[in-house]
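Model, not experiment: these values are computed from the prediction. Remember, it's 1-based here, ligands and their atoms both numbered in the order they're listed.
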Amino acid sequence: MSRGAFIVFEGLDRAGKSTQVSMLLQALKDRSIPAQKQVFPDRTTAIGGIINDYLAKKVELPSEAVHLLFSANRWECKNSIQESLEKGTTLVVDRYAASGAAYSSVTTGRPLEWCRAPDQGLPAPDLVLFLEVSPEAQKTRPDWGGERFERDETQSKVAKSFRQLATSNWVFVDAGRTKEEVHQDVLDFALKAIEACKQQPIGKLDE
Ligand code: TMP
Ligand code: MG
């Protein structure tokens with residue numbers, strides 16, 4: 001039996017990731033391709049609850065501790081990710097390890113290698129769709145600026161870190177267009193990835 005694809009959306013805050021995740025899931029459903037959504041941080045777990053309070057500025061924690069919580073939040077889901085992919089379900093994921101490293105390299109000031117280390121050994125994405133958005137467009141989107149990292153200076157530094165993390169399975173998508181235009185590109189890349197990884201083993205981050 002062929003496995004599902006591990007498809008991750010990355011990008012700055014308010015790049016339109018959640019919208020594109022929903023549109024891609026619907027398009028896969030329409031094609032009878034089994035697919036499931038996963039969001040990081042997963043705010044529904046015990047660890048996710050602390051992350052949520054930290055992002056909402058209700059608790060203060062050292063940036064390094066938060067970094068490890070974000071990673072732990074992914075490790076909590078490792079088995080379910082693996083099982084879903086193995087049974088043939090494609091995962092459409094809103095943020096993953098690259099967000100962890102890109103944001104924390106800015107907030108902790110530590111090297112990218114340090115930030116990447118806790119995620120090593122987790123299942124690796126087959127495709128990373130990086131949604132590019134301009135600072136002007138970000139601000140026009142609802143609720144901008146409410147959460148902890150939603151500041152211009154942080155976002156522009158995070159954008160630079162993301163670029164340093166890109167590998168051959170990343171594609172950069174211009175998210176400044178209409179959501180339908182963005183979706184067309186996304187769907188195209190996703191269908192190719194689903195086909196290409198069918199008989200491939202699931203990769204691991206940095207191993
Ligand atoms: P969200 O806006 O996608 O819900 O993510 C919440 C914030 O958390 C966002 O500013 C990005 C940040 N983040 C990290 O700093 N590290 C991580 O590992 C993840 C998944 C998100
Ligand atoms: Mg956000």
Which atoms of ligand 1 sit under 4.0 Å from any heavy atom of L55? 6 (C), 7 (C), 8 (O)
Could you tell me if any non-hydrogen atom of R148 lies under 4.0 Å from any atom of ligand 1? no
Residue, atom name and distance, where the atom is the protein heavy atom closest to atom 9 (C) of ligand 1: D13 OD1, 3.3 Å
Enumerate the residue pairs fulfilling salt bridge (Lys or Arg N to Asp or Glu O under 4.0 Å) with a member in residues 68-91, sequence neighbours excluded, ordered by first and then second residue. R74-D119
Starting from atom 5 (O) of ligand 1, which protein heavy atom do you reach first, and at what distance in Å? R95 NE, 3.4 Å
Do the two ring centres, one from Y96 and one from F6, sit under 6.0 Å apart? yes
What count do you get for protein N/O/S atoms less than 2.8 Å from the Mg ion (ligand 2)? 1
Would you say the side chains of E10 and S99 form a donor-acceptor pair under 3.5 Å? yes
Is R141 salt-bridged to E136, going by a charged N under 4.0 Å from an acidic O? no
Determine, for R148 against E60, whether the closest basic-nitrogen to carboxylate-oxygen distance falls under 4.0 angstrom. yes
Show me which atoms of ligand 1 lie under 4.0 Å from any heavy atom of R74. 17 (C), 18 (O), 20 (C)
Assess, by modelled atom type and distance only, whether the side chains of D188 and Q184 contain a donor and an acceptor separated by less than 3.5 Å. no
